[in-house]
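Keep in mind it's a predicted model, so treat the numbers as computed, not measured.
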Amino acid sequence: MQPLHPEPTSRRPVWTWAGAAAGLALALTAFLNNSEPRTPAAARAPITGTFVVSGVVLLGDRDSFTRDDHGGCAGTGSHADVTDGALVLITTTAGFASGTLTGPQAFSDGTCRFLFSVQGVPGGQTTYLVMVGEHGPRQYTERELTGALVNLRLD
């Protein structure tokens, strides 16, 4: 008497392997063809050199910083991350560049000022995001970053 179900074999039918190879080829082709953006709006702008961004970070509330004995200052409370040496980060779709805050100075008008300079910022991009310490990013154009000193007021 023969069993109702034949014993399974360890060999797969040829059509299984052919289907697997066709599926792999299709997936690979789709991946390679989708590696470039499809629309000009989504395309990355080419890097056209680099430039330097220089600016000032200003803490404009007397409660947002403390003074030291040498005319300097440092952020406090929600601005505690705004100190001498804090990170300044500029990002684009083409990459990023970073610098640090320097030269903290407290003024009699109740403000605290830091200077920064970021070298190697990728040029030719549409949008730039500037972040100081742990504060949220602010959006700029290349023209705004290269025209004059960038002024960031953190209140």
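Minimum heavy-atom separation, L89 to S98: CD1-CB, 4.0 Å.
The shortest distance between side-chain heavy atoms of V56 and L152 does not fall below 4.5 Å. You'll find the side chain of D61 stays beyond 4.5 Å of the side chain of L59, heavy atoms only. With contacts defined as side-chain heavy-atom distances shorter than 4.5 Å, the pair L145/V130 qualifies. Side-chain atoms of L101 and V88, non-hydrogen and from C-beta on, do get closer than 4.5 Å to each other. L154 has its side chain out of reach of S64: every pair of non-hydrogen atoms, C-beta onward, lies at least 4.5 Å apart.
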**OP:** Tell me, with the steps shown, if E144 and V150 meet side chain to side chain contact (heavy atoms under 4.5 Å, CB included).
**Re:** CA-CA 8 Å; E144 291 171 319; V150 175; over 6 Å; no
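For the atom pair Y140 OH and T92 OG1, the distance stands at 16.0 Å (nearest 0.5 Å). Taken to the nearest 0.5 Å, the OH atom of Y128 stands 10.5 Å off from the OG1 atom of T91.
Residues satisfying the salt bridge (charged side-chain N to carboxylate O under 4.0 Å, His left out) criterion with R67, sequence neighbours excluded, are absent altogether. Not a single side-chain hydrogen bond (donor to acceptor under 3.5 Å, both in side chains) links R62 to another residue, sequence neighbours left out. Here T100 pairs with T102 under the side-chain contact (heavy atoms from CB on, under 4.5 Å) rule; sequence neighbours left out. Annotation: side-chain contact (heavy atoms from CB on, under 4.5 Å) contacts of T83 (sequence neighbours excluded): A74, A86.
In this structure a side-chain-to-backbone donor-acceptor pair under 3.5 Å is missing from Q139 to L129. Judged by distance alone, with hydrogens and angles left aside, the side-chain atoms of D81 form a donor-acceptor pair with the main-chain N or O of E134 at under 3.5 Å.
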Going by atom type alone, with no hydrogens or angles, which donor-acceptor pairs under 3.5 Å involve a side-chain atom of residues 107-123 and a protein atom two or more places apart or on another chain?
unit_1, atom_1, unit_2, atom_2, d
D109, OD1, T111, N, 3.2
D109, OD1, T111, OG1, 2.6
R113, NH2, Q105, OE1, 2.9

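For F96, the CZ atom counts as loosely surrounded, since its 6.0 Å shell holds 12 or fewer non-hydrogen atoms of other residues, nucleotides or ligands.
Residues in residues 70-79 take part in these side-chain hydrogen bond (donor to acceptor under 3.5 Å, both in side chains) pairs, two or more places apart or across chains: H79-H135.
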